[in-house]
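Computation of the quantities below employed the complete heavy-atom set of this structure, encompassing side-chain atoms and omitting hydrogens, waters and symmetry-equivalent molecules.
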Amino acid sequence: MQNRSRAGKVLTLLFAAGSAVALAAPTGDLSARPAGTQVLVQVTNMRNHDGVVRACMTRDAHRFPRCQDSAQGYSVVVPAGEAATLRFRDVAPGTYAIALLHDENDNGKADRVLGMMPREGFGFSNDAPVNMGPPAFSEAAIAVGAASQRQTIRMRYML
């Protein structure tokens with residue numbers, strides 16, 4: 001494995017986190033999803049209530065954390081002041097991973113300082129570790145069955 005500088009690691013994380021949750025609409029065929037199953041996400045460690053929190057959840061390991069165009073995904077965007085609990089509704093059973101972005105200026109992307117360091121917060125299911133970039137799907141994976149599930153995700157800020 002190739003060694004990366006800290007700046008390179010942060011750049012990789014930013015690219016992934018920023019594009020991971022840029023979707024504002026639910027993805028996939030909602031009519032085919034069973035009614036009633038919810039994944040409730042408790043968001044902690046928010047530094048302010050500015051902007052929005054963008055959240056995506058996908059079963060597609062190849063699209064995580066970039067849930068974009070995922071037919072097996074869900075997304076939610078809420079005002080940051082209402083982000084104490086996010087709800088993914090009518091979730092089909094399966095194994096998912098969740099990515100969050102605290103888009104403080106609501107511009108639809110993860111802002112950076114000097115093109116590398118994340119200016120805005122991010123988080124992943126299972127509080128998955130962030131080392132050389134975003135966590136692997138397997139590190140953030142959660143199992144969703146027929147019963148509603150709760151998950152706590154801690155928002156992280158580099159600056």
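Listed for the Gln38 side chain is no donor-acceptor partner under 3.5 Å among the backbone atoms of Arg89. Although no hydrogens or angles enter the test, the distance criterion places a donor-acceptor pair under 3.5 Å between the side chain of Ser125 and the main chain of Ala140.
In the hydrophobic cluster analysis, where Ile, Leu, Val, Met, Phe, Trp and Tyr join through side-chain heavy atoms closer than 4.5 angstrom, Leu40 is grouped apart from Met46.
Side-chain contact between Leu86 and Val43 is present, with at least one heavy-atom pair separated by less than 4.5 Å. In this structure, the side chains of Thr95 and Ile142 stay at 4.5 Å or more apart for every pair of heavy atoms. Counting heavy atoms from C-beta on, the side chains of Phe124 and Ile153 never come closer than 4.5 Å.
A salt bridge links Arg156 with Asp127: at least one charged nitrogen is closer than 4.0 Å to a carboxylate oxygen.
Side-chain N/O atoms of Asn126 and Glu139 include no donor and acceptor closer than 3.5 Å. Of the N and O atoms on the side chains of Gln42 and Thr85, at least one donor lies less than 3.5 Å from an acceptor on the other residue.
Note that NZ of Lys109 is 9.5 Å distant from CG of Asp103, once rounded to the nearest 0.5 Å. The CZ atom of Arg154 sits 7.0 Å away from atom OG1 of Thr44, with the distance rounded to the nearest 0.5 Å. Note that the NE2 atom of His102 and the CZ atom of Arg119 stand 13.5 Å from one another [nearest 0.5 Å]. If you take CZ on Phe64 and CZ on Arg59, they are separated by 15.5 Å, rounding to the nearest 0.5 Å. Taken to the nearest 0.5 Å, the OH atom of Tyr74 stands 9.5 Å off from the OG1 atom of Thr58. In this structure, the separation between CG on Asn48 and OH on Tyr157 is 6.0 Å, given to the nearest 0.5 Å.
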Report task. For side-chain contact (heavy atoms from CB on, under 4.5 Å), just list the numbers for Leu100 and Met155, CA-CA rounded to whole Å, side-chain angles, deciding distance to a tenth of an Å, and then say yes or no. Result -> CA-CA 8 Å; Leu100 301 181; Met155 197 65 73; 4.2 Å; yes
Query raised in the report: Do Asn105 and Asp50 pass the side chain to side chain donor-acceptor pair (under 3.5 Å) test, and can you show the C-alpha distance, the side-chain angles, and the key distance before you say yes or no?
Result: CA-CA 7 Å; Asn105 60 2; Asp50 297 342; over 6 Å; no
Report task. Please step through side-chain contact (heavy atoms from CB on, under 4.5 Å) for the pair Val130 and Met158, ending with a clear verdict. Result -> CA-CA 11 Å; Val130 176; Met158 301 293 285; over 6 Å; no
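Counting non-hydrogen atoms of other residues, nucleotides and ligands closer than 6.0 Å to CG of Leu114 gives a total of 12 or fewer.
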